[in-house]
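Let me begin by presenting the structure, written as structure tokens, before commenting on it.
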Amino acid sequence: MRKRIIAVLLAGVLAGFSVMPVLATETDNVEQAAEDTGGEDSDEAEEDTGGEDSDEAAEDTGGEDLDEAAEDVGGEAADGEDADAADGENADGESVDAAVQEIVIPKGNLVDVDVIDLSLHAETTGDSTPVYVYENPFRGQDTSKGAVIEFYADPTWDVHVLGTIFAINGTGEYDGKLYFTPGSYLGFNSAGFGGFFDANLFNYNIVTDYIKDGALIRIELLPDGFAVYADDVLCYDQTILADPKMSDGDFTPDSDFSGVLAWMAGAEVLYFGYGSWWNTVSDTANIDLSKISFRLADGTVLMDQLQADKDLVESLGGSVETVQADEQSGLQLADVDAAIFDINSVEYQGSSVLPLMTVVVAVVVLGALAAVIMACRPRTYE
């Protein structure tokens, strides 16, 4: 009897060991497959999205010696006094031959571009020279109802308060300037068309930076005043001229601004990155400019495509192709759909060991049964 019990226990142990390998099969390790499919930490992809602290770009708004800048243009300050002499005419409008320089609009190898870098310039004894020069799109147009200038300004470095994003310049009868700076300062000066105004400027420093880390700026010039918008939000209008801590000039909120519009129809040249009173290298506009639109108040578009002299830009170390390629690559990245890991989509490769183990288990079970039968068979002893 004892032998039969031992035989049954032995058969049970053998059967148990034979089943364990079957339970261990089909282990291609799903957890490892999941790690291989989505194993990049998405947080790392988001950590370096800004790279530079945009606040740092706005901190250095007043660190230039602005008095020296005013002296460089013939002793002129931003209050507009002696502006005519600085541009080659005396107060009576008579030409000063020694200072008169004819405006030349180059006809180079112009190509259409989406973005231009206003920090790109050539140097001449500490002064910058124009890179982006065009005929004034408002010249010869009926501007009496108003004009609109729009663009997207994207700062790339420190804000230079007195740099130039755009400037319209005139000579002779239309001697004067209309310009807007990276410091969100709008300025106009023409002795024959009402005098001057400086808006959003106090003691050669900006009052408020509305561009910040990038904004769509719209400047509306109307017969009864002006308005500056950033991303469709009003920044300031002609009423700012009533506050001596935010502006200066001959104009007041109640002035007739139709002279400004008449001047715009006669001025010759449009500059980007050049053309205000301050054209020194230290006042370079660190701006990427795009999405321009020069139009009349009735919506008539006069200019909405940026162009650049390809040969000149490349000679200064810039690249027209690089700007276009960067924008295209950005669009491609935006169109990519992120793949979400689906554990049901994991595919396994290799052959299953289940058939082999089934045979092995069957043989072991049959052997155990045979041993039990042999152990339990009645025996005859002599």
Side-chain angles (χ1 to χ4, degrees), residues 83-84 87-89 93 101-108 110-114 116 118 130-153 164-181 185-197 199 216-229 232 237-238 249-251 255-276 289-309:
D84 296 313
D87 260 8
E89 294 185 358
Q101 293 183 352
E102 181 183 359
I103 293 177
V104 177
I105 301 176
K107 304 294 183 182
L110 296 179
V111 295
D112 291 346
V113 294
D114 296 322
I116 56 176
L118 301 188
V131 176
Y132 310 104
V133 188
Y134 316 88
E135 183 177 358
N136 171 24
F138 294 109
R139 189 178 189 189
Q141 300 293 328
D142 180 8
T143 58
S144 61
K145 299 293 191 300
V148 179
I149 300 172
E150 189 174 58
F151 51 87
Y152 188 86
T164 310
I165 293 179
F166 81 85
I168 298 174
N169 282 200
T171 59
E173 179 185 353
Y174 291 91
D175 177 58
K177 298 175 183 289
L178 172 71
Y179 52 90
F180 191 79
T181 79
Y185 149 43
L186 177 65
F188 171 76
N189 193 322
S190 180
F193 292 85
F196 84 100
F197 65 77
L216 182 66
I217 299 297
R218 184 173 76 255
I219 301 170
E220 298 179 355
L221 300 150
L222 301 170
D224 59 352
F226 60 83
V228 177
Y229 296 84
D232 292 327
D237 57 20
Q238 72 278 354
D250 302 316
F251 286 78
S255 293
D256 180 8
F257 289 81
S258 60
V260 178
L261 296 171
W263 173 87
M264 291 178 66
E268 296 98 329
V269 64
L270 165 67
Y271 296 105
F272 291 124
Y274 181 90
S276 68
L289 187 71
S290 61
K291 300 179 182 178
I292 65 152
S293 176
F294 287 69
R295 56 186 185 268
L296 300 177
D298 64 5
T300 302
V301 176
L302 305 177
M303 180 180 180
D304 63 356
Q305 176 61 60
L306 282 169
Q307 291 187 317
D309 185 329

statement: Rounded to the nearest 0.5 Å, the CG atom of Leu222 sits from the CD atom of Gln238 at a distance of 8.0 Å
message: For a quick test of reading the model, state the closest non-hydrogen atom pair linking Val113 to Gln305 and the distance between them.
response: O-NE2, 2.9 Å
query: Does Asp114 use its side chain to pair, donor to acceptor, with the backbone of Ser290 at less than 3.5 Å?
result: no
query: Looking only at heavy atoms, which two atoms of Gly176 and Ser190 are closest? And how far apart?
result: CA-CB, 4.0 Å
message: With side chain to side chain contact (heavy atoms under 4.5 Å, CB included) as the criterion, how do Tyr132 and Leu118 come out once you've worked through the C-alpha distance, each side chain's angles and the decisive distance to 0.1 Å?
response: CA-CA 8 Å; Tyr132 310 104; Leu118 301 188; 4.1 Å; yes
message: Minimum heavy-atom separation for Leu296 and Leu302, please, with both atom names.
response: CD2-CD1, 3.9 Å
- request: Could you check Thr143, Val148, Leu178 and say which one makes a side chain to side chain contact (heavy atoms under 4.5 Å, CB included) with Leu221?
  value: Leu178
query: Would you say the side-chain atoms of Tyr134 pair up with the backbone N or O of Gln307, donor to acceptor, closer than 3.5 Å?
result: yes
message: Checking Tyr174 against Ile168 for the side chain to side chain contact (heavy atoms under 4.5 Å, CB included) test, could you report, in this order, the C-alpha distance in whole Å, the side-chain angles of both residues, the deciding distance, and whether it holds?
response: CA-CA 11 Å; Tyr174 291 91; Ile168 298 174; over 6 Å; no
- line: dist Phe193:CZ -> Asp256:CG (nearest 0.5 Å) comes out at 12.5 Å
query: Checking side chain to side chain contact (heavy atoms under 4.5 Å, CB included) for the pair Leu186/Phe197: CA distance, chi angles, key distance, verdict?
result: CA-CA 8 Å; Leu186 177 65; Phe197 65 77; 4.1 Å; yes
task: Would you check if Arg139 and Glu268 make a side-chain contact, meaning some heavy-atom pair closer than 4.5 Å?
output: yes
task: Report the distance from atom CZ of Arg295 to atom CZ of Arg218, rounding to the nearest 0.5 Å.
output: 7.0 Å
- prompt: At what distance, to the nearest 0.5 angstrom, does OG1 of Thr181 lie from CZ of Phe166?
  reply: 10.0 Å
statement: Note: Ala265 and Gln141 closest approach over all heavy atoms is CB-O, 3.4 Å
query: Any idea which heavy atoms bring Asp250 and Gly195 closest together, and the distance?
result: OD2-CA, 3.3 Å
query: How many angstroms lie between CG in Asn169 and OG1 in Thr164, if you round to the nearest 0.5 Å?
result: 9.0 Å
- prompt: When rounded to the nearest 0.5 angstrom, what distance separates OH in Tyr152 from CG in Leu216?
  reply: 8.0 Å
Identified side chain to side chain contact (heavy atoms under 4.5 Å, CB included) counterpart of Phe188 within the set Phe251, Phe196, Phe257: Phe251
task: Looking only at non-hydrogen atoms, find the nearest pair between Ser144 and Pro223 and report the distance.
output: O-CG, 3.3 Å
message: Within the structure provided, determine whether Phe272 and Phe151 are in side-chain contact (heavy-atom separation under 4.5 Å).
response: no
message: Do Val260 and Phe226 have side chains that approach each other closer than 4.5 Å (heavy atoms only, starting at C-beta)?
response: no
task: List the steps and the verdict of side chain to side chain contact (heavy atoms under 4.5 Å, CB included) for Ile165 and Tyr179.
output: CA-CA 7 Å; Ile165 293 179; Tyr179 52 90; over 6 Å; no
